[in-house]
Amino acid sequence: MKILITGATGTVGSAVLEHLKSLGMDAVGAGRAAAVDTSWAQLDFAKTTTFRKALKGITHLFLVVPSGYKDAGHIQRFLDAAISFHVEHITFLSGRTTGDVPGRMLNTVEEQVRKCGLPYTILRPGWFMQNFALGLAEDIRQEGKIYLPAGDAKTAFVDVRDIAVAVEKTFLEKGHQGKTYDLVSQEAIDHYEVARLFSEALGRPVEYVDLSPTDFLSLMLGRGEGEEGLAAYIYLFDLVKTGKEARLSADLAELLGREPKRFGAFVGDYLAIWKQ
Ligand SMILES: NC(=O)c1ccc[n+]([C@@H]2O[C@H](COP(=O)([O-])OP(=O)(O)OC[C@H]3O[C@@H](n4cnc5c(N)ncnc54)[C@H](OP(=O)(O)O)[C@@H]3O)[C@@H](O)[C@H]2O)c1
């Protein structure tokens, strides 16, 4: 078994690559950077010329579509190439809400994966806990604030380290072909509770500031974020506010054979990131 991990510099791909390598599996990371050794493959979905080298000898594919990626045609061409290289299984990282919405990119790619004729598993993760250790980390560290337009709706988060284990299971165990799994922890909490967990763990106040979509937009534009990406965020937080991200599921616990990590445990594991 030789596994290609796309999006391997990203939040989930890097966790998957690290996890599979820690098990001694033959896993190759892929992204747009040039390959320096055999553990990396250069892959750009927009450049078919990169497909051949990246897919040579690959039996299992973990597919991540970059956030905001627009061209489903590129992904179809990559899937066609995977077919021609006789890939035996694709595990695709979709999204819980967008996977459900016809016309959204992740929904379109789900359909492409289902129709491509190769054995597949689709993973639909909730919001990543690690978002708080990345883009949201600075505000927590510097100001003790979490600025989001999430209202008081609950969210079932997921720790990407658990996603990595789920990916491993889809490749190593039988019975996951043709299945779609919701990957979330077994608790749904609102962002006031998220802030409380941070305050408790850090021993200083952390406040959730529930911004209106307009205020969130102005804050992020002021910080130099692109308007297009932000519009997508507002759309996603609208879905959060409808409560769709609060739905619990036993899929991840069943895949892992244990309870998925809870938010409090995630904060404890990454504490150094938010310490002043
Ligand atoms: N954030 C969440 O809470 C959440 C929740 C559910 C689902 N999702 C979904 O999860 C996926 C994103 O996962 P993530 O956060 O791990 O990704 P990410 O951190 O945004 O990383 C995206 C990856 O895609 C690679 N990439 C960018 N452009 C590429 C191209 N043209 N060809 C090939 N690779 C390219 C990047 O590598 P290089 O830049 O090195 O090339 C990077 O490794 C998205 O589909 C998102 O919608 C996110």
Side-chain angles (χ1 to χ4, degrees), residues 4-19 28-36 40-51 53-55 61-79 81-82 91-101 104-110 112-113 122-137 146 148 150 155-164 166-167 180-185 191 194 225-226 228-233 235-237 239-240 244-245 247 249 252 263 266:
L4 187 71
I5 314 293
T6 73
T9 56
T11 315
V12 177
S14 59
V16 172
L17 185 60
E18 188 184 327
H19 175 68
V28 179
R32 288 168 298 176
V36 284
W40 188 261
Q42 185 172 35
L43 172 71
D44 186 335
F45 293 128
K47 294 182 183 158
T48 45
T49 48
T50 61
F51 294 177
K53 235 181 180 171
L55 286 166
L61 173 64
F62 178 58
L63 178 63
V64 175
V65 173
S67 306
Y69 204 79
K70 290 272 177 294
D71 201 326
H74 293 169
I75 308 298
Q76 184 61 55
R77 285 196 318 225
F78 183 62
L79 289 172
T91 294
F92 169 52
L93 183 78
S94 181
R96 260 195 125 193
T97 45
T98 43
D100 262 344
V101 184
R104 303 293 296 183
M105 184 66 177
L106 294 180
N107 183 271
T108 303
V109 178
E110 278 196 14
Q112 291 172 329
V113 169
I122 291 172
L123 303 179
R124 289 177 159 189
W127 282 88
F128 306 155
M129 294 177 189
Q130 275 74 6
N131 294 339
F132 293 87
L134 295 164
L136 300 169
I146 298 168
L148 284 174
T155 299
F157 294 98
V158 63
D159 189 312
V160 301
R161 294 170 297 177
D162 282 342
I163 300 178
V167 173
T180 298
Y181 296 119
D182 268 17
L183 303 188
V184 287
S185 65
H191 285 74
V194 165
E225 300 272 345
E228 203 179 351
L230 287 171
Y233 255 94
Y235 171 81
L236 292 173
F237 276 104
L239 294 175
V240 169
K244 233 184 153 199
E245 289 282 355
R247 273 183 296 122
S249 160
L252 182 56
F263 203 94
F266 154 74

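For the numbers below, each heavy atom of this structure counts, side chains included, while hydrogens, waters and symmetry mates do not. Nothing fancy with the numbering, it's 1 onward along the sequence. Note that ligands are numbered from 1 as they come in the structure, with each ligand's atoms numbered from 1 the same way.
Looking at Pro66, Gly7, Ala15, Ser14, it is Pro66 that brings a heavy atom closest to atom 35 (C) of ligand 1. Closest heavy-atom approach to atom 8 (N) of ligand 1 among the candidates Phe157, Phe128, Tyr233: Phe128. Comparing Leu183, Asn131, Leu236, Thr9 by heavy-atom distance to atom 36 (C) of ligand 1, the nearest is Thr9. Summarising the contacts of atom 41 (O) of ligand 1 with Arg96, His74, Arg32, the nearest heavy atom is found in Arg32. One option in Thr97, Val184, Val65 has a heavy atom closer to atom 45 (O) of ligand 1 than any other, and that option is Val65.
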Show the numbers, then the answer: is there a side-chain contact (heavy atoms from CB on, under 4.5 Å) between Leu63 and Phe45?
CA-CA 11 Å; Leu63 178 63; Phe45 293 128; 3.9 Å; yes

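Neither the backbone nor the side chain of Val160 comes within 4.0 Å of ligand 1, counting heavy atoms alone. Residue-level proximity to ligand 1 for Leu106 is carried by the side chain, the only part with a heavy atom below 4.0 angstrom. With a heavy-atom cut-off of 4.0 Å, Ala8 touches ligand 1 through its backbone alone.
For ligand 1, the atoms closer than 4.0 angstrom to any heavy atom of Ser94 are 7 (C). The ligand atoms of ligand 1 that sit less than 4.0 angstrom from a heavy atom of Asp44 are 30 (C), 31 (N), 32 (N), 33 (C). Of all the atoms in ligand 1, the ones that sit under 4.0 Å from a non-hydrogen atom of Leu43 are 32 (N), 33 (C). Residue Tyr69 has at least one heavy-atom neighbour below 4.0 Å for each of these atoms of ligand 1: 31 (N). Listed by number with element, the atoms of ligand 1 under 4.0 Å from a non-hydrogen atom of Val12 are 16 (O). Listed by number with element, the atoms of ligand 1 under 4.0 angstrom from any heavy atom of Pro125 are 6 (C), 7 (C).
Phe132 and Phe266 have their aromatic ring centers separated by at least 6.0 angstrom. A distance of 6.0 Å or more separates the ring centres of Phe92 and Phe62.
Residue contacts with ligand 1: Gly126 is included, with a non-hydrogen atom under 4.0 Å away.
Put simply, NE2 on His74 and CZ on Phe51 are 8.0 Å apart, with the number rounded to the nearest 0.5 Å.
Remark: minimum distance from atom 10 (O) of ligand 1 to any protein heavy atom is reached at Leu93 CD2, 3.4 Å. In terms of protein heavy-atom proximity, atom 20 (O) of ligand 1 is closest to Ser67 OG, 3.9 Å.
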